[in-house]
Amino acid sequence: AFVSTYFFIFGFGTMIMTGCGLPLDSAAGSVATCMANIGPGLGNTGPASTFAHISDFGKWFLSACMLLGRLELFTVLLLFAPEFWKK
């Protein structure tokens with residue numbers, strides 16, 4: 001369940017970042033960088049470049065991906081489940 005959730009969020013994040021105007025390799029690299037803490041991304045967000053050219057929405061979205069990756073997926077997704085907040 002963890003691996004399929006991880007890949008679903010990675011694919012969704014890549015689609016969102018391509019919608020922000022990044023090429024596919026840069027979008028996938030930036031999402032992987034933020035979710036998995038793997039170092040520099042690919043393409044326009046690679047080791048010779050920065051994230052400065054990404055839109056504000058893209059930076060906020062990548063920040064959310066970073067929180068998902070750092071705090072673990074199920075822990076963060078559990079906060080959005082209504083059953084968690086019921087007594």
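Because the structure is predicted, anything quoted here is derived from the model rather than measured. Each residue takes its place number in the sequence, starting with 1.
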Anything under 3.5 Å between a donor and an acceptor, one on a side chain of residues 16-23, the other on a protein residue two or more places apart or in another chain? List them.
{"from": "T18", "atom 1": "OG1", "to": "T14", "atom 2": "O", "distance (Å)": "3.2"}
{"from": "T18", "atom 1": "OG1", "to": "M15", "atom 2": "O", "distance (Å)": "2.7"}

Rounded distance (nearest 0.5 Å) linking atom [atom1] of [X] with atom [atom2] of [Y]:
X	Y	atom1	atom2	answer
F51	S63	CZ	OG	10.0 Å
L68	F10	CG	CZ	13.5 Å
F2	F7	CZ	CZ	10.0 Å
S30	F61	OG	CZ	9.5 Å
L71	M66	CG	CE	11.5 Å

Query - Residues clustering with F84 (ILVMFWY side chains joined when closer than 4.5 Å, directly or via others) - result: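 Direct or chained contacts put F84 with L78, L79, W85.
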Should [X] and [Y] be regarded as members of a common hydrophobic cluster, given that ILVMFWY residues are connected when their side-chain heavy atoms come within less than 4.5 Å of each other, either directly or indirectly?
X	Y	value
F12	L73	yes
F57	I9	yes
M35	L77	yes

**Report entry** Any side-chain heavy-atom pair of L67 and L62 under 4.5 Å
**Finding:**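 Counting from C-beta outward, L67 and L62 never come under 4.5 Å.
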Query raised in the report: Can you check whether A36's main-chain N or O pairs, donor with acceptor, with R70's side chain at less than 3.5 Å?
Result: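 No, because the side chain of R70 does not come within donor-acceptor range (under 3.5 Å) of the backbone of A36.
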Scan the side chains in residues 41-48 for donor-acceptor partners under 3.5 Å anywhere in the protein, sequence neighbours excluded, and list what turns up.
{"from": "T45", "atom 1": "OG1", "to": "L42", "atom 2": "O", "distance (Å)": "3.1"}

